[in-house]
Protein chains: 2
Amino acid sequence: MMTNDFAGLEAAQEQAIQKARKRVIESIGKNMDLYGITQSTGLLYGLMFFQDKPMNLDEMGQAMEMSKTSMSTGIRTLVDLNMVNKVWEKGSRKDLYEVERDWHQTFADFFVLKWRKAVELNLMALRRSKAELDKLAESGGSEALHALIGGDLEKIRQAIDYYLWLDRVIDLMESGEIFKHVPKEEPSS
Amino acid sequence: MMTNDFAGLEAAQEQAIQKARKRVIESIGKNMDLYGITQSTGLLYGLMFFQDKPMNLDEMGQAMEMSKTSMSTGIRTLVDLNMVNKVWEKGSRKDLYEVERDWHQTFADFFVLKWRKAVELNLMALRRSKAELDKLAESGGSEALHALIGGDLEKIRQAIDYYLWLDRVIDLMESGEIFKHVPKEEPSS
DNA sequence: AATTATATACAGAAAAAACCGTACGTACTT
DNA sequence: AAGTACGTACGGTTTTTTCTGTATATAATT
């Protein structure tokens with residue numbers, strides 16, 4: 001059973017709408033690499049963006065002309081990034097998905113999810129290495145050794161400072177405070 | 001002529017420092033995918049991070065155990081992202097590079113460079129499609145057609161709003177205003 | 001002017017990633 | 001309980017990306 005959104009429309013009209021959609025979908029798909037997402041998954045997202053109803057994997061595969069397997073993995077990527085939500089609809093045994101419409105939130109979520117993790121991992125590595133070098137410095141050694149360690153420690157210190165700053169930027173996104181500084185509605189000038 | 005930073009140090013000391021560096025370098029390399037950078041280029045960046053002197057392509061190739069060609073392409077990626085600067089040193093015919101130490105700026109630059117471009121391209125596509133749909137709506141048509149167009153236009157409107165917001169977030173980075181809201185120095189609590 | 005040193009364009013090789021079909025486990029239906 | 005519908009793990013194939021060696025262009029040195 002295939003529902004057709006364009007039922008009853010003239011071919012030329014449908015074509016015009018499809019063309020308008022296609023441009024947007026492809027632009028979205030092309031720029032989604034910033035989210036670390038493959039182009040085809042980006043196109044899937046773009047497709048779903050124009051859907052008024054939740055889609056199931058079979059519909060996606062049909063529309064994308066790709067395998068159901070690929071839809072499954074693609075959609076998981078999108079769900080993991082909170083870009084797409086799984087929705088429940090009684091009567092249907094199939095999993096249904098729809099795009100998250102609050103893109104501001106989507107962006108903030110992505111930022112928190114990905115960049116926070118990077119910050120944490122890098123900070124951990126930096127602190128461990130700092131501790132090792134501190135210890136090495138304490139255990140005596142030549143002048144040359146201390147100069148070398150000092151250089152590395154200074155670089156590490158700067159890096160840590162940066163990540164702590166970045167962490168606070170991420171806080172801004174997570175807390176929603178960003179919307180105080182940059183309101184969703186364009187200030188009417 | 002190969003200069004050795006570790007000249008005159010005990011092997012165990014050199015090893016300890018290398019271990020500390022390696023952890024940081026690998027962490028950086030691993031997380032650099034957020035910048036759309038390949039892991040090996042990320043490792044190159046990490047390597048250069050601990051260098052006190054500008055490096056040339058031959059030194060990089062030797063340290064990374066990779067071809068000079070790869071170093072050339074890798075370094076270009078990093079230069080394009082303003083993560084690495086080309087420096088001039090009289091007497092040397094080789095191109096020399098060193099990492100940009102101001103990571104706050106590096107982050108802001110990246111954000112402006114990459115996200116701004118995405119915003120512009122997406123906005124362009126959205127506005128074109130909006131114009132087409134507006135025109136199509138004006139040219140009459142059935143009730144069903146107008147409902148369909150209206151749905152798409154509403155989605156496009158929301159998307160445009162979002163990108164305008166994101167554009168202002170990017171402005172925050174570009175103008176340096178972000179540092180007013182999130183100062184580089186951690187506020188002493 | 002000839003020689004040498006340097007970076008990179010280019011094409012092929014190697015590695016990685018995306019994609020698909022099959023097989024299987026789970027949960028719903030009968 | 002048997003059968004059916006569904007999503008996905010998995011292995012193999014195709015496509016894309018990364019990496020390398022050679023060739024070439026450019027600029028410095030002799």
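All heavy atoms count here, side chains included; hydrogens, waters and symmetry mates do not. In the text below, chain A, chain B and the rest are named by the order of the sequence lines, each starting its count at 1.
- Distance, A:L57 CG to D:dT8 C1': 10 Å, rounded to whole Å.
- Annotation: proximity of residues 43-52 of chain B to DNA chain D (heavy atom, distance under 4.0 Å) is found for no residue.
- Whole-Å rounding puts the B:N56 CG to C:dA7 P distance at 7 Å.
- Residue B:W88 contributes atom CH2, which lies 11 Å from atom P of D:dA27 at whole-angstrom precision.
- Side-chain N or O atoms of B:T41 include none that pairs as donor or acceptor with a backbone N or O of B:I37 at under 3.5 Å.
- Contact annotation: A:S72 reaches the phosphate of D:dT8 (side-chain N/O to OP1 or OP2, under 4.0 Å).
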Self-check item: Verdict with reasoning, B:S67 to B:S70, per side chain to side chain donor-acceptor pair (under 3.5 Å)
Solution: CA-CA 5 Å; B:S67 73; B:S70 295; 3.1 Å; yes
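- Summarising the geometry, the separation between CE on A:M60 and P on D:dT8 is reported as 10 Å, rounded to the nearest angstrom.
- Distance, B:M64 CE to D:dT18 P: 14 Å, rounded to whole Å.
- Every residue meeting the salt bridge (Lys or Arg N to Asp or Glu O under 4.0 Å) condition with A:D58, not counting sequence neighbours, appears here in chain and number order: A:K68, A:K94.
- Annotation: ring pair (Phe, Tyr, Trp, His ring centres under 6.0 Å) contacts involving residues 112-132 of chain B, sequence neighbours excluded, comprise A:Y35-B:W115, A:F107-B:W115, B:F111-B:W115.
- We find that NZ of A:K94 is positioned 15 Å from C1' of D:dT8, with the value rounded to whole Å.
- The two residues B:E26 and B:L43 have their closest heavy-atom pair at CA-CD2, 3.9 Å.
- Shown here are the salt bridge (Lys or Arg N to Asp or Glu O under 4.0 Å) partners of B:D95, two or more places apart in sequence or in another chain: B:K86.
- In this view, A:A16 and B:L136 satisfy the side-chain contact (heavy atoms from CB on, under 4.5 Å) rule, not counting sequence neighbours.
- Interatomic distance, CG of B:N122 versus CZ of B:R127, reported as 11.5 Å (0.5 Å rounding).
- Summarising the geometry of B:L44 relative to B:G74, their closest heavy-atom pair is CD2-C, 4.3 Å, with the distance given to 0.1 Å.
- Per the geometry, CZ belonging to B:R76 stands 14 Å off P belonging to D:dC19, to the nearest Å.
- Between the CG atom of A:D33 and the C1' atom of D:dT16 there is a distance of 15 Å, rounded to whole Å.
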Exercise. Do nucleotides 17-30 of chain C as a string where each nucleotide becomes B, S or -: B if the base has a protein heavy atom under 4.0 Å, S if just the sugar-phosphate does, - if no protein is that close.
Key: -SSBBB-----BS-
